[in-house]
Amino acid sequence: MCQQTQIVTVLPYYERWLKRFPDWETLAQAPETDVLKHWEGLGYYRRARHLQNLARIVVRDFSGTLPQDVPSLLQLPGIGPYTAAAIASIAFGQKAALLDGNVQRVLTRVFAISSNLALGRTQKELQQLAAQLMPETHPGQHNQALMELGALLCSPRKPQCLLCPLQPICQAPDPEAFPVKDRPAPIRQLEKVCLILRDSRVWLSPTDAPGRWQGFHRLPLFDPARMELNTPLGQHRYSITKYRVQAEVWSASWKTTAPAGIWANLAQLRQIPLPAPHRKMLRLHPDFLAM
DNA sequence: AACCCGGGGCC
DNA sequence: GGCCCAGGGTT
């Protein structure tokens with residue numbers, strides 16, 4: 001859950017998740033829509049699918065216990081270099097150095113590394129540095145301390161250098177100039193999103209294809225061959241990955257027979273996994289203010 | 001190496 | 001409005 005997501009955001013999800021899926025066996029056997037529903041709002045939904053896939057592998061191939069070494073962990077779905085080292089060091093006390101956004105920021109500042117973070121050789125340099133800094137004992141605490149330092153003091157903007165224990169050795173003249181990374185401009189998109197209502201129910205389309213929002217339902221985009229627009233309900237702007245989307249939300253109706261999908265009432269809308277921006281667009285209609 | 005995947009919180 | 005977040009997988 002913590003991959004690319006701030007801890008404070010994760011906390012309530014984590015509590016609900018463990019209450020519903022307290023062990024590998026429970027997660028392995030749960031319906032996928034239930035898994036996605038518990039992840040709704042966190043984003044990067046492939047993480048949820050990977051985690052359930054992982055549960056099934058742990059139950060089937062590892063007798064319900066995670067392997068404890070980095071090379072074995074790296075073979076598992078959803079576990080990359082960071083997560084493998086985090087599990088090995090924090091859960092199993094192994095001497096594995098890890099690199100996350102916080103540690104990258106701390107190290108590039110302390111050692112004044114001004115090469116581009118996106119480059120492989122920069123990552124390799126940081127990984128070697130992290131490994132050299134690893135003490136003989138308490139690897140998990142060391143890793144967590146570095147991440148915590150990055151989160152609380154060595155923050156992206158306005159770092160608290162006066163309070164920082166590494167201030168005496170920090171080589172960055174201007175900490176806020178680190179790390180160096182490229183920031184491509186967002187791609188702007190316009191879209192027309194349709195609210196098609198019948199008897200207090202709204203039409204939702206499935207998202208079956210791999211990619212964004214797989215396994216979710218969503219409000220359909222306007223298709224002039226099948227739909228007609230009735231009245232505009234408003235606009236909703238949202239950002240998703242590299243895109244900045246301006247959505248026009250319309251009340252619309254089918255010109256032809258409806259394709260695959262469902263007519264969802266309020267109770268169903270609360271149970272079905274729906275992308276956050278679509279949930280907000282739905283609220284533009286008075287019938288669904290309660291969403 | 002480049003690209004894809006979400007959403008919220010903050011300034 | 002831009003930036004960042006306890007990244008990983010695929011092409």
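Here is how names work: the chains are called A, B, and so on, in the same order as the sequence lines, proteins then strands, and each is numbered from 1.
The neighbour count for A:Lys95 NZ, taken as heavy atoms of other residues, nucleotides or ligands under 6.0 Å away, is above 12. Within a 6.0 Å radius of CG in A:Leu163, more than 12 heavy atoms belonging to other residues, nucleotides or ligands are found. Atom CZ of A:Phe62 has more than 12 neighbouring heavy atoms from other residues, nucleotides or ligands inside a 6.0 Å radius.
Contact check on A:Lys37 versus A:Asp34 returns no salt bridge, with no Lys/Arg side-chain nitrogen under 4.0 Å from an Asp/Glu carboxylate oxygen. The pair A:Glu32-A:Arg49 meets the salt-bridge criterion, with a side-chain N (NZ, NE, NH1 or NH2) lying under 4.0 Å from an Asp/Glu carboxylate O.
With the nearest nucleotide of DNA chain B identified for both A:Gly211 and A:Ala118, A:Ala118 has the one nearer the 5' end. Both A:Leu119 and A:Leu274 lie near DNA chain B, and the one whose nearest nucleotide falls closer to the 5' end is A:Leu119.
Distance noted for atom P between C:dG8 and B:dG8: 23 Å (whole Å). Nucleotides B:dG7 and C:dT10 place their C1' atoms 22 Å apart, quoted to the nearest Å. A distance of about 25 Å separates the P atoms of B:dC3 and C:dA6, rounded to the whole Å.
Per the geometry, NE2 belonging to A:His236 stands 12 Å off C1' belonging to B:dG8, to the nearest Å. To the nearest angstrom, P of B:dG6 lies 11 Å from NE2 of A:His278.
There is no side-chain donor-acceptor pair under 3.5 Å between A:Ser253 and A:Arg198.
For the side chain to side chain donor-acceptor pair (under 3.5 Å) test, residues two or more places apart in sequence or in another chain that qualify with A:Arg279 are A:Glu40.
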Strictly under 4.0 angstrom, non-hydrogen atoms only: write out the protein contact profile of nucleotides 1-10 of chain C, one letter per nucleotide from the 5' end, B, S or -.
SSSSBBBBS-

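Between A:Val180 and A:Thr108, the closest side-chain pair of non-hydrogen atoms is not below 4.5 Å. Residues A:Leu149 and A:Asn102 form no side-chain contact, since every pair of their non-hydrogen atoms from C-beta on lies 4.5 Å or further apart.
Of the candidates B:dG6, B:dG8, B:dC3, B:dC3 carries the atom nearest the A:Lys242 side chain, counting heavy atoms from C-beta on.
Of the side-chain N and O atoms in A:Trp39, none sit less than 4.0 angstrom from OP1 or OP2 of B:dC5.
When heavy atoms are screened at a 4.0 angstrom cut-off, A:Ala86 is found touching no nucleic acid atom at all. As judged by a 4.0 angstrom heavy-atom cut-off over every strand, A:Gly150 is placed among residues making no nucleic acid contact. Note on A:Tyr45: only backbone sugar-phosphate atoms sit closer than 4.0 angstrom, heavy atoms only; bases stay farther off.
Interface residues of residues 121-132 of chain A facing DNA chain C, ordered by number: none; criterion, heavy-atom separation under 4.0 Å.
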